[in-house]
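The shown structure was predicted, so the numbers you read here are calculated from the model rather than taken from an experiment.
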Amino acid sequence: MTDIKELLLSRIRDVADYPEPGVMFKDITPLLADPAAFTALTDALAEIAERTGATKVIGLEARGFILGAPVAVRAGLGFIPVRKAGKLPGATLAQAYDLEYGSAEIEVHAEDLTAEDRVLIVDDVLATGGTVEASLQLVRRAGAKVAGVAILMELGFLGGRQRLEPALSGTPLEALITV
C-alpha cells in the first residue's frame, strides 16, 4: 500500500491560494491524466468495494463521479450519482446539510436504491465531512445499508473523520492517503 500512496501523492499537485488566498488546493487532475496512477486508484477503490460486500457504488458530485464510475465497472457493480439539488429528473430523495457559510442539498433517484443494497460511497476528498454525512443519511433514508465510505484523500487537519464518527455508526471509512 505504501507504493500506491507514494504514486498517488506524486500525482496530486498543490495549487497555492486557490480558490482563495491562504488555501492550498489539492488538484487531482494530474493523477487522472496518468493512466497508471488512475488505474491504481481505481483498483484500490474497487478492492474496498469488494471487501465491504458492496452491491452498488455511489459517487458524490462531481469528482466522486469521475472516481466512482470506473470503480463500479471494475467491481462489477451498479453506479448511482448523488447530485446537487435540482439536477436529477423524476422522483428524488433529498438531504440538506450545512456548509461553512450556508447550506446545500443533495439528491438521489428514489428508485435506484433498495433495502437489499449495500452501498459504497466514493468521493475524492474528505474535508469537514458535511457532504459524506448527508450522503450517509440519504442512503439510509432510501432504505439501503452503507457498506463503507472510500475516499482518495483525507484532509486530516480539518477533522472530518471525527465529525463523521456518530453518523458512521461503525461503518468503515477508508482514505487511501491522509494529508
Side-chain angles (χ1 to χ4, degrees), residues 1-82 97 99-100 106 118-136 139 146-179:
M1 188 63 141
T2 301
D3 291 341
I4 188 172
K5 288 180 183 183
E6 289 174 10
L7 174 61
L8 298 176
L9 278 170
S10 74
R11 301 303 188 274
I12 296 172
R13 177 177 57 164
D14 286 343
V15 180
D17 299 320
Y18 183 82
E20 59 186 52
V23 173
M24 182 64 71
F25 184 78
K26 300 292 187 184
D27 180 15
I28 69 166
T29 58
L31 187 158
L32 300 174
D34 180 325
F38 194 16
T39 298
L41 171 60
T42 300
D43 289 345
L45 293 173
E47 190 276 326
I48 294 170
E50 292 165 7
R51 187 167 14 93
T52 60
T55 61
K56 291 192 177 156
V57 173
I58 276 185
L60 304 180
E61 189 166 344
R63 289 181 298 264
F65 296 174
I66 297 168
L67 304 184
V71 167
V73 169
R74 181 67 46 92
L77 306 173
F79 176 76
I80 300 170
V82 169
Y97 63 101
L99 299 167
E100 189 173 352
I106 56 174
R118 292 181 44 79
V119 177
L120 179 69
I121 298 167
V122 173
D123 206 4
D124 66 327
V125 173
L126 174 62
T128 60
T131 308
V132 170
E133 183 176 23
S135 67
L136 289 165
V139 168
V146 181
V149 178
I151 305 291
L152 164 58
M153 178 174 31
E154 179 178 350
L155 305 180
F157 60 93
L158 292 177
R161 182 179 294 264
Q162 292 76 20
R163 176 186 172 195
L164 283 173
E165 285 300 325
L168 287 167
S169 301
T171 299
L173 182 146
E174 296 187 49
L176 298 179
I177 53 179
T178 301
V179 296

Please check: side-chain N/O of Asp17 versus main-chain N/O of Gly22, any donor-acceptor pairing under 3.5 Å? yes
Return the set of residues passing side chain to side chain contact (heavy atoms under 4.5 Å, CB included) with Val15 (not counting sequence neighbours), or none when no residue passes. Arg13, Tyr18, Phe25, Asp27
Ignoring hydrogens and geometry, is there a side-chain-to-backbone donor-acceptor pair from Arg161 to Leu173 under 3.5 Å? yes
Nearest 0.5 Å please: distance from the CD atom of Glu133 over to the CG atom of Leu164. 6.0 Å
For Leu7, enumerate each residue passing the side chain to side chain contact (heavy atoms under 4.5 Å, CB included) test, keeping only those at least two apart in sequence or located in another chain. Ser10, Arg11, Ala37, Ala40
Could you tell me which non-hydrogen atom of Leu45 sits nearest to which non-hydrogen atom of Leu120, and how far apart they are? O-CD2, 4.1 Å
Listed once per pair and sorted, the ring-ring contact (aromatic ring centres under 6.0 Å, His included) pairs that draw on residues 146-179, sequence neighbours left out: none
With the side chain counted from C-beta on, respond yes when Val82 and Val139 share a heavy-atom pair under 4.5 Å apart, and no when they do not. no
Residues two or more places apart in sequence or in another chain: which of them pass side chain to side chain donor-acceptor pair (under 3.5 Å) with Asp14? Lys26
Please list all pairs passing the side chain to side chain donor-acceptor pair (under 3.5 Å) test where one or both residues lie in residues 164-174, with sequence neighbours left out. Arg51-Glu174, Arg140-Thr171
Heavy-atom pair of closest approach, residues Phe65 and Pro81: CE2-CB, 3.6 Å
Tell me every residue that passes salt bridge (Lys or Arg N to Asp or Glu O under 4.0 Å) with Arg118, counting only those two or more places apart in sequence or in another chain. none
